[in-house]
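Comments concern the structure below.
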Amino acid sequence: MKNNRTKLLTLFLLIPLISLTFLLFIFEQVIDEYKVNETYKIEVSESGFFNCGERVSITKSEFGIFRKRILTRTDLCLIGIDKIETVEFNENDAEFLIYHNGIYDSENPYKFEIKNKNVW
């Protein structure tokens, strides 16, 4: 009898926790968008449950209403991103300065460089 209660209690606790974790991985909340040029934007969004910082994505606008994610980075470990400046963006590479609160990374602004390998 006691063993059945423990199993039921464990079941009722684990199902909501697993469901919440799954939903955090699927749904994300876009915190801010920064315009790179007429076609491209940088989105900052809350990452999943196990990531160390915010997600930085480069998106491409198509037909003015659709957007396509062409690059996503979740390994930057930057929290509290409040400004992104475009230093250079051309067909070969891109360089951005990401200003953040500096909790996990001592470099502020963070210099984010990308080499274009058929990404855009």
Side-chain angles (χ1 to χ4, degrees):
M1 182 85 165
K2 190 174 185 179
N3 196 12
N4 287 338
R5 283 188 196 159
T6 306
K7 288 180 183 178
L8 283 174
L9 183 62
T10 304
L11 184 69
F12 285 120
L13 288 175
L14 284 179
I15 289 176
L17 288 175
I18 291 171
S19 300
L20 179 65
T21 303
F22 182 70
L23 289 174
L24 287 174
F25 279 119
I26 293 176
F27 299 110
E28 64 182 41
Q29 180 181 359
V30 175
I31 299 171
D32 212 345
E33 290 183 348
Y34 301 95
K35 191 173 183 177
V36 176
N37 58 24
E38 294 299 319
T39 308
Y40 296 98
K41 290 182 182 178
I42 296 179
E43 288 183 354
V44 176
S45 57
E46 288 184 5
S47 230
F49 186 68
F50 292 113
N51 290 331
C52 67
E54 295 169 349
R55 180 182 308 184
V56 177
S57 302
I58 298 177
T59 60
K60 180 180 181 181
S61 298
E62 295 179 351
F63 308 115
I65 56 171
F66 300 109
R67 68 172 192 214
K68 178 182 177 184
R69 240 185 222 146
I70 59 171
L71 179 75
T72 301
R73 293 287 303 267
T74 59
D75 60 341
L76 299 177
C77 293
L78 301 174
I79 294 179
I81 296 174
D82 56 4
K83 183 179 174 184
I84 298 178
E85 291 180 0
T86 304
V87 177
E88 181 180 5
F89 189 83
N90 56 39
E91 65 273 352
N92 297 325
D93 57 356
E95 184 178 330
F96 305 100
L97 295 177
I98 303 175
Y99 295 88
H100 57 95
N101 64 6
I103 290 177
Y104 290 144
D105 193 30
S106 60
E107 185 181 354
N108 197 7
Y110 180 78
K111 190 175 186 180
F112 181 45
E113 297 176 317
I114 308 164
K115 298 289 183 198
N116 186 11
K117 296 178 183 172
N118 296 326
V119 177
W120 60 82

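The figures that follow rest on heavy atoms only: side chains count, while hydrogens, waters and symmetry mates do not. In this text the structure is predicted, and so the values were computed from the model without any measurement.
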* Structure fact -> Paired with E43, the salt bridge (Lys or Arg N to Asp or Glu O under 4.0 Å) test is passed by just one of R55, K60, R69, K68, namely R69
* Asked: At what distance, to the nearest 0.5 angstrom, does CG of L76 lie from SG of C52?
  -> 8.0 Å
* Is there a path from F112 to V36 through hydrophobic residues (I, L, V, M, F, W, Y) whose side chains come within less than 4.5 Å of each other? -> yes
* Report yes or no: do V30 and Y99 belong to one cluster of Ile/Leu/Val/Met/Phe/Trp/Tyr joined by side chain heavy-atom distances under 4.5 Å? => no
* Spell out, yes or no, whether Y34 and I70 are grouped together once hydrophobic residues are joined by side-chain heavy atoms under 4.5 Å, including indirect joins. => yes
* Asked: Taking all atoms of both residues into account, what is the closest heavy-atom pair of H100 and D82, and its distance?
  -> N-OD1, 4.1 Å
* To do: Calculate, to the nearest 0.5 Å, the distance between atoms NZ and OH belonging to K35 and Y40 respectively.
  => 14.0 Å
* Would the number of heavy atoms belonging to other residues, nucleotides or ligands and lying under 6.0 Å from CD of E38 be above 12? -> no
* Structure fact -> Output for pair (L9 CG, N4 CG), nearest 0.5 Å, gives 12.5 Å
* Asked: Within a strict 4.5 Å, meaning less than it, do heavy atoms of the D93 and E113 side chains meet?
  -> no
* To do: Rounded to the nearest 0.5 Å, what's the gap from CG on L71 to NZ on K117? Could you check?
  => 11.5 Å
* What's the shortest heavy-atom distance between N108 and G102, and which atoms? -> ND2-N, 4.4 Å
* Would you mind checking if E85 and K83 are paired as a salt bridge, meaning a charged N to carboxylate O distance below 4.0 Å? => yes
* Which value, rounded to the nearest 0.5 Å, describes the distance between I114 atom CD1 and N92 atom CG? -> 13.0 Å
* To do: Determine the sole option in V56, I98, I81 for which the side-chain contact (heavy atoms from CB on, under 4.5 Å) test with I42 is passed.
  => V56
* Heavy-atom donor-acceptor pair, D32 side chain to V44 backbone, under 3.5 Å -> no
* Which heavy atom of T39 sits nearest a heavy atom of N37, and at what distance? -> N-OD1, 3.0 Å
